[in-house]
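Here the structure is a predicted model, which is why all the values come from computation and not from measurement. Chain naming here is simple, since letters A, B, ... match the order of the sequence lines and numbering starts at 1 in each.
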Amino acid sequence: MEKTYQPGAIEKNWYENWENKGYFAPSGQGEPYCIMIPPPNVTGSLHMGHGFQESIMDALIRYHRMKGCNTLWQVGTDHAGIATQMVVERLLDADGTNRHALGREKFIERVWEWKEESGGHITRQLRRLGASPDWSRERFTMDDGFYEAVQEVFIRLYQDGLIYRGKRLVNWDPKLHTAISDLEVINEEKKGHLWHFKYPLTDGSGHLVVATTRPETMLGDTAVAVHPDDERYAHLIGKTIKLPLADREIPIIADEYVDKDFGTGCVKITPAHDFNDYEMGQRHNLPMINIFDDNAHLNTNTPEAYQGMERFAARDKVVADLDALGLLEKVVDHDLKVPMGDRSGVVIEPYLTNQWYVKTQPLADEAIKAVEGGDINFVPKQYENMYFSWMRDIQDWCISRQLWWGHRIPAWYDDQGNVYVGRDEQEVRAKHQLGDDISLKQDEDVLDTWFSSGLWTFGTLGWPEDNDFLKTFHPSSVLVTGFDIIFFWVARMIMLTLYFKKEVPFHTVYVHGLVRDSQGQKMSKSKGNVLDPIDLIDGIDLESLVSKRTAGMMLPKLKAKIEKQTRKEFPEGIASYGTDALRYTYYSLASTGRDINFDVGRIEGYRNFCNKLWNASNYVLMNTENTDTGADGSTDFELSLADRWIISRLQEAEKAVIEGFTTYRLDLASQALYDFIWKDYCDWYLELTKPVLWDDNASDARKKGTRRTLIRVLEATLRLAHPLMPFITEEIWQRVKPLAGVEGETIMLAPYPQPEEAKIDSQATQDIEWVKEVIVGIRAIRGEMNISMAKQLPVFFKNGSTEDKRRMEENTQFLKKLATLENITWLNADEEALLSATNLVGKLEILVPMAGLIDKDAELARLDKEIGRLEKDVQRVEGKLGNAKFVDKAPEDVVQKEKDKLAEFKDALNKMQDQKTKIAAL
RNA sequence: AGGACCGUAGCUCAGUUGGUUAGAGCGCUACCUUGACAUGGUAGAGGUCGGCGGUUCAAAUCCGCCCGGUCCUACCA
């Protein structure tokens with residue numbers, strides 16, 4: 001084996017081997033276990049959040065596969081309507097053309113071309129993470145088969161009266177020229193103004209003052225509203241306003257929505273350009289005057305002077321014009337939230353358009369019941385509240401998008417504007433007896449991408465066709481996802497799946513946190529704090545990292561800042577840590593749904609952990625290869641105390657890791673495994689094997705027992721660790737398996753370890769704990785007295801029990817080797833010891849003679865420290881026991897424990913004080 | 001405004017149904033190249049568990065209030 005662990009050298013080979021051999025496919029046997037990947041955006045590349053999510057899924061999948069489940073991990077990507085269309089439009093732009101010049105058909109061809117070239121990027125990266133999905137079943141939301149499912153769902157929902165078309169106010173993106181959902185609108189806090197305008201009353205009796213943050217919309221005002229109980233304005237209700245500039249007469253109405261205490265208490269109402277005003281407009285039957293075109297430029301419903309103006313230019317002009325008329329009362333600074341398009345970054349307009357909607361209430365009712373009734377469980381549980389609160393206040397879902405890339409809506413219109421929904425034009429004609437003389441035109445719009453991803457769990461399995469895969473793997477077992485798409489996706493999957501499949505899409509939703517940088521900042525390109533998981537795996541030099549982080553940066557100032565920050569944080573660039581270390585870091589931080597702050601210091605620690613495992617395995621192989629390890633099943637071996645102990649500890653480690661998997665606490669699983677490998681197996685057990693293997697007098701049976709245990713515990717540990725660190729465990733396991741008497745082509749398909757109660761040996765555990773305490777006690781004296789580890793010491797044991805004596809006799813060789821002892825002498829009660837430095841293991845005194853080794857003052861200082869500590873302990877416990885209430889009310893065993901403790905502390909204190917007296921008298 | 005989550009060592013994080021001396025990794029200090037590993041070993045320093053109250057024999061843990069942070073939802077035009 002290589003002297004140090006070299007991840008790059010093994011990962012690629014093993015991955016190709018696994019994939020080529022088809023190990024990722026379901027076995028066809030055992031209990032079904034299925035995860036559907038949340039389809040990453042096809043335009044995307046793998047970021048830290050994906051890395052985290054995929055690593056979690058892969059661990060769960062590998063764990064269940066090894067447990068013998070019929071395991072399917074279905075992978076795929078999402079066509080991402082807006083994002084993909086934007087990417088390709090940018091390419092066209094660079095070529096000096098655009099989609100309109102190309103035409104719809106050619107444009108879509110171009111998108112497909114692009115998808116073929118670039119769409120594999122993210123799946124290639126997924127492979128680098130060691131992900132083990134069934135690649136043969138990879139799906140894309142625009143696949144033919146999937147399209148059938150999407151179409152079917154649309155048609156059935158339409159037939160069932162759950163899809164309708166309507167003219168409503170939507171979130172309009174004036175740059176992308178499409179409706180977008182509420183969830184794609186980000187409300188940003190902005191500093192703005194509140195303009196106060198005087199609106200003259202028609203009867204000439206004066207004016208009232210309205211306040212607005214959006215002056216340009218006044219051109220579309222169709223009322224002014226006041227609160228019905230507002231005495232200041234009661235006399236105005238029913239009168240009318242002469243709307244300036246637009247020169248229209250509009251009513252003054254009363255509505256409880258108005259807040260008397262805000263601004264002047266008078267609100268201008270623009271039903272076509274504000275969601276609240278829209279509702280008020282409906283309540284009062286107000287006309288809706290749309291003042292914008294698709295670009296949010298002013299249209300012909302506005303006075304000629306404004307027509308064609310861009311919305312913000314129009315704002316300035318409205319303000320100036322009103323000011324010129326003496327109608328601008330004042331302008332005050334005002335903080336407000338501005339709706340911004342998530343993708344386009346421009347201000348979103350509430351805009352009246354014809355759109356398709358899903359009537360969500362009936363679907364939501366069922367979806368709520370599924371979670372309330374426990375058919376679906378969220379982990380952690382608190383996310384259920386988030387889900388409920390959204391579901392209970394759900395709005396109808398606008399599913400049409402004015403894009404070209406996506407699932408085109410299967411609806412046709414005749415010249416009269418009648419709409420016909422069906423699979424294709426022929427079907428529509430046949431069904432509605434429309435002759436060839438009637439021209440039909442398909443709806444230009446496509447469906448919201450989330451409409452198709454809502455069918456992901458069953459659509460990917462071949463629905464509407466009813467096949468074996470669908471029967472076996474649906475509902476899926478668990479959905480692993482971030483909380484940020486619970487509304488976008490999780491909720492919609494639950495609604496649509498319940499409606500069409502009459503069953504839930506998944507039983508458990510495991511919600512993980514967001515990956516942030518080590519400071520808790522969100523990773524973003526503009527902050528320049530993005531880490532690429534692949535760079536953590538392969539490493540990257542500083543210059544490449546800097547140019548990567550600043551690529552495409554337009555602002556020189558920002559670019560310089562990011563460069564500086566990057567050079568400071570990674571002066572040496574990023575080292576190559578390997579996939580397993582990256583994955584382990586994710587797991588160690590994957591506690592209950594909270595965000596994780598990714599600190600490069602952690603990954604370095606886990607790279608070291610991989611190296612530790614590598615080198616420990618090297619030691620094991622060196623000592624077992626070409627020897628008899630009992631691989632043939634022979635039983636002529638004998639287990640040492642250390643062997644029994646490590647086997648026992650292995651059972652407990654297995655329990656803890658399995659517990660971590662079943663409760664989705666991969667941080668606890670990884671911690672338990674880490675501690676077992678490093679602290680139990682490497683720090684103690686490997687050291688404890690040396691006195692046996694290197695002892696010429698040890699029996700063959702005992703040596704064989706030790707070698708057998710070394711290799712078998714390692715073999716089981718590798719299987720235990722495999723779901724978390726697939727590559728290194730496979731590499732080592734291949735060498736270990738013949739020596740452990742294990743068959744199998746790959747660790748991936750080897751059985752997962754099962755703890756056996758019978759192998760838990762508390763006697764061995766207690767004995768080894770004693771051995772460890774003795775060794776640590778001696779080392780502590782050595783460490784504090786600056787005695788070299790190389791110096792062999794004589795030690796004396798005094799005041800020990802018969803149990804101590806037995807343990808000493810049985811473990812002399814362990815103690816001598818691990819504490820570097822010259823000899824151990826047991827002193828009977830009546831024997832006087834040499835003047836010594838002392839440590840206690842229970843009542844047993846461990847004595848290291850001072851002669852020539854230990855300075856009197858140093859030992860006195862050490863004793864003082866120890867005595868001080870014990871005095872505090874005694875004081876604390878005495879205080880507790882002196883409290884009558886504690887003694888009366890606390891449970892018996894707790895009180896007894898305190899009493900035992902006190903006795904122990906007092907005994908230790910006495911012994912230490914005696915020592916001090918003796919040494920001080922010197 | 002409402003809600004959720006978080007605040008534990010210099011940093012990143014664990015801490016189960018309240019009950020040993022509150023733990024880990026990184027970093028730090030001292031010593032050590034000993035025959036798996038310096039990506040290592042041994043020993044050690046470092047915490048009034050955000051603050052104040054309360055419940056309890058006993059609170060990092062349960063309850064209330066406050067402070068600080070993150071996020072979500074809804075927003076007053």
Under 4.0 angstrom, heavy atoms only, what part of the nucleic acid is F609(A) near: base, sugar-phosphate, or nothing?
nothing
Pairing check on A22(B): which nucleotide meets the Watson-Crick or G-U wobble criteria with it, both distances under 3.5 Å?
none
Return the 5'-most residue of the pair S588(A), D683(A) with respect to RNA chain B, ranking by each residue's nearest nucleotide.
S588(A)
Is there a donor N/O on one and an acceptor N/O on the other, under 3.5 Å, for the side chain of E384(A) and the base of A4(B)?
no
Out of Y681(A), F676(A), Y674(A), which residue meets the side chain to side chain contact (heavy atoms under 4.5 Å, CB included) rule with W678(A)?
Y674(A)
Which part of the nucleic acid, if any, lies within contact of H196(A), taking any heavy atom under 4.0 Å across all strands shown: a base, the sugar-phosphate backbone alone, or nothing?
nothing
Considering every strand and a 4.0 Å limit on heavy-atom distances, what is the contact class for W694(A): base, sugar-phosphate, or nothing?
base
Just to be sure I understand the rule, does K791(A) reach a base, reach only the sugar-phosphate, or reach nothing, if contact means heavy atoms closer than 4.0 Å?
nothing
Does A30(B) have a Watson-Crick or wobble partner in any strand here, with both distances under 3.5 angstrom, and which is it?
U42(B)
Tell me whether the side-chain N/O atoms of K612(A) come closer than 4.0 Å to OP1 or OP2 in G41(B).
yes
Would you say K337(A) places a side-chain N or O within less than 4.0 Å of OP1 or OP2 belonging to C76(B)?
no
Within the structure shown, what part of the strands sits under 4.0 Å from S389(A) by heavy-atom distance: base, sugar-phosphate, or nothing?
nothing
Out of D595(A), V490(A), V509(A), which one pairs with F483(A) under the side chain to side chain contact (heavy atoms under 4.5 Å, CB included) rule?
D595(A)
If we ignore angles and hydrogens, is there a donor and acceptor under 3.5 Å between the side chains of T4(A) and Q6(A)?
yes
Atom CG of D277(A) and atom C1' of A77(B): how far apart are they, to the nearest Å?
7 Å
What contact category does R779(A) fall into here, base, sugar-phosphate, or nothing, at under 4.0 angstrom with non-hydrogen atoms?
sugar-phosphate
For C37(B) and K3(A) - does any side-chain N or O of the residue sit under 4.0 Å from the phosphate oxygens OP1/OP2?
yes
NA contact type, N883(A), heavy-atom cut-off 4.0 Å: base, sugar-phosphate, or nothing?
sugar-phosphate
Indicate, with a heavy-atom threshold strictly under 4.0 Å, whether K872(A) touches base, sugar-phosphate, or nothing.
nothing
Please give the nucleotide sitting opposite U70(B) as a Watson-Crick or G-U wobble pair, both distances under 3.5 Å, or none.
A4(B)
Answer yes or no as to whether A58(B) has its base stacked against F886(A), where stacking requires a ring-centre separation under 5.5 angstrom and planes under 30 degrees apart.
no
Considering only heavy atoms and no angle criterion, is a donor-acceptor pair shorter than 3.5 Å present between the side chain of R607(A) and the base of U39(B)?
yes
D221(A) and T270(A): side-chain donor and acceptor closer than 3.5 Å?
yes
In the structure shown, which nucleotide is the Watson-Crick or G-U wobble counterpart of A59(B), with both distances under 3.5 Å?
none
So what does L686(A) hit on the nucleic acid, given a heavy-atom distance under 4.0 Å: a base, only sugar-phosphate, or nothing?
base
What is the nucleic acid contact for D599(A), judged by heavy atoms within less than 4.0 Å: base, sugar-phosphate only, or nothing?
sugar-phosphate
May I ask you to say what Q6(A) touches in the nucleic acid, namely base, sugar-phosphate or nothing, with a heavy-atom cut-off under 4.0 Å?
nothing
Side-chain donor-acceptor pair present, Q896(A), D900(A), cut-off under 3.5 Å:
yes
Regarding A790(A), tell me which of base, sugar-phosphate or nothing describes its non-hydrogen contacts under 4.0 Å with the strands shown.
nothing
If pairing requires Watson-Crick or G-U wobble contacts with both distances under 3.5 Å, which nucleotide is the partner of C49(B)?
none
If you apply the rule side-chain contact (heavy atoms from CB on, under 4.5 Å), what do you find for L881(A) with V895(A), and how did you get there?
CA-CA 8 Å; L881(A) 288 167; V895(A) 176; 4.2 Å; yes
